Amino acid sequence: MNNTALALLPLALAYIMFTLGAGLKLSDFKVIAKYPKAFFVGLINQVVLVPLVALAVVLVTAPPPAIAFGIMLISFCPGGVTSNMLTYYAKGNVALSIALTGVVSILSVITLPILITLAFDHFMKDQANSISAIKIGLVMFLLTTLPVSLGMLARHKFTDFMVRRSSLLNGLASVFFVLIVFAAIASNWQLLQSQFTQIGLELIFIIAILFAISISISRVLKLSWYDTKTISIETSIQNSTTAITLAPIIMGVSTLPVIALPAALYGVLMYVVALPVIFLIKNKN
C-alpha cells in the first residue's frame, strides 16, 4: 500500500463515522430510557467483556506479540454501521443497536487511548518506540467523535437531503470498508499465508465466544429475544476500519503494519460466524 493510499485511510474512516452520525438523531437516544437494562448490558459487554474475552484467547494461544496486540486492538474498537445492519436482518431492536453504536463510538475517545496504551506496554514492550495516550485520544476525537457529531448535525440541518441520500452515503461507506480491509490483508499477505490458520481460529473463537456469552448473559438477566439478538450482535461485531486506520499511527510507520492484520481478518470472519448465528436466532421472539 503506497503512502498516498495510506494517507487516505483516516479520511475514509472519518467518512464512515460521518455516515454513522448521519444515521443518528437525538431522539434515537431515548431508547436508553426505554430499555435501560438492555442498554447497560450492551454497553458493559462492549467496553469490558469483549477485551476480556480477547485477552483470555490471546493468553491461551500465545500468538506472536504483534498479532496478540493486533487482536487486542480490534477488541477495543466500538461497533459500526455493520452491527446496525445485521441487527435489522436479525429482526432485533435496531433503535437499541443504533444507540449502543453511537454511545460506544463517542466513548471510544476515552476508552481506546487507555486500553491501547496498556496493551502496547504489555505485548509490545520490546519495541523501541512508545505511544502517547493523549495523541491517540486526539486522533480518535478527530476521526470518530467529530465526524459522528458533524453527521448528526448534517442530519438535523438537512434532514430531507440526508435521508434521501442515505443509501448512497452508506453504500460508499461500505465500499471504503471493503477497500480498507483488503488493503490491510494485501499489505501483510506473506504473513497471512504462513499464519492464516492460527490467526483465523483465534478470531473465530473470540467471535463465537462473544456470541455465546452475550446471549447467555441476556437470557440470565431475562431480557427479551428482541433485545438479546441486538446485544449479541453489538457485542460480537467490531469496527475493524478503526483498528486498521489506527495501526500505522500507533506504530509510527508509513505502511500498514502487522498489527492491522487481525482487524482485517476480523472484518471478514465476523460475517462467517455472525450470519449462521443470525439465521438461527432471527425468528426467535
Side-chain angles (χ1 to χ4, degrees), residues 8-36 38-47 50 76-90 92-114 136-178 180 227 230-231 233-235 237-246 249 267:
L8 294 176
L9 273 182
L11 294 178
L13 175 61
Y15 174 79
I16 291 171
M17 299 310 293
F18 175 84
T19 62
L20 170 62
L24 290 170
K25 49 188 184 296
L26 290 177
S27 60
D28 289 329
F29 295 98
K30 292 180 180 178
V31 73
I32 298 173
K34 188 175 182 181
Y35 305 98
F39 174 81
F40 284 107
V41 169
L43 182 64
I44 293 170
N45 280 4
Q46 273 270 11
V47 178
V50 178
F76 301 150
C77 293
V81 290
T82 302
S83 62
N84 307 152
M85 177 188 71
L86 292 177
T87 298
Y88 172 78
Y89 288 134
N93 189 338
V94 178
L96 176 61
S97 175
I98 291 172
L100 280 168
T101 300
V103 171
V104 176
S105 295
I106 293 170
L107 283 178
S108 66
V109 73
I110 298 172
T111 59
L112 265 172
I114 296 171
I136 295 172
L138 178 60
V139 169
M140 287 303 300
F141 173 78
L142 294 175
L143 297 184
T144 60
T145 307
L146 182 60
V148 167
S149 300
L150 291 175
M152 291 182 67
L153 179 62
R155 169 68 179 257
H156 177 69
K157 292 291 186 181
F158 312 104
T159 304
D160 291 341
F161 176 83
M162 298 303 291
V163 170
R164 287 200 309 269
R165 296 290 185 267
S166 61
S167 296
L168 176 62
L169 293 171
N170 292 331
L172 187 55
S174 298
V175 171
F176 281 146
F177 167 76
V178 172
I180 290 172
D227 293 338
T230 304
I231 290 170
I233 292 170
E234 281 294 320
T235 302
I237 303 301
Q238 310 301 330
N239 189 345
S240 57
T241 52
T242 300
I244 295 170
T245 304
L246 283 176
I249 297 172

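All values derive from a computational prediction rather than experimental measurement. The figures that follow rest on heavy atoms only: side chains count, while hydrogens, waters and symmetry mates do not.
- Every residue two or more places apart in sequence or in another chain that forms a side-chain hydrogen bond (donor to acceptor under 3.5 Å, both in side chains) with Thr242 is listed here: Asn239.
- For the atom pair CD1 of Ile44 and CD1 of Ile231, the computed distance is 10.5 Å after rounding to the nearest 0.5 Å.
- In this structure, CD1 in Ile114 is found 11.5 Å from OG in Ser108, a value given to the nearest 0.5 Å.
- How far CG of Leu143 is from CZ of Phe18: 15.0 Å, rounded to the nearest 0.5 Å.
- A distance-only check finds a donor-acceptor pair linking the side chain of Gln46 to the backbone of Glu234 [under 3.5 Å].
- Within the 4.5 Å cutoff, the side chain of Tyr15 has heavy atoms near those of the Thr19 side chain.
- Taking both residues in full, the closest heavy atoms of Ser97 and Ser83 are given as OG-O, 3.6 Å, listed atom of the first, atom of the second, then distance.
- The distance from the OG1 atom of Thr82 to the CD1 atom of Ile237 is 7.5 Å, given to the nearest 0.5 Å.
- Across all their heavy atoms, Pro78 and Val104 have their closest contact at CB-CG1, 3.5 Å.
- The line from CG of Leu100 to OG1 of Thr87 is 9.0 Å long, rounded to the nearest 0.5 Å.
- In this structure a side-chain-to-backbone donor-acceptor pair under 3.5 Å is present from Thr230 to Asn93.
- Between Asn45 and Val50 there is no side-chain heavy-atom pair separated by less than 4.5 Å.
- In this structure, Asp227 and Val41 have side chains that are not in contact, with every pair of non-hydrogen atoms separated by 4.5 Å or more.
- Using a 4.5 Å heavy-atom threshold, the side chains of Met140 and Leu246 count as touching.
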Residues 145-157, side-chain donor-acceptor partners within the protein, below 3.5 Å, at least two apart:
residue, atom, partner, partner atom, Å
Ser149, OG, Thr145, O, 2.8
Arg155, NH1, Ala22, O, 3.1

- With side chain to side chain contact (heavy atoms under 4.5 Å, CB included) as the test, would you mind laying out the steps for Val103 and Ile32 before giving the verdict? CA-CA 10 Å; Val103 171; Ile32 298 173; 4.2 Å; yes
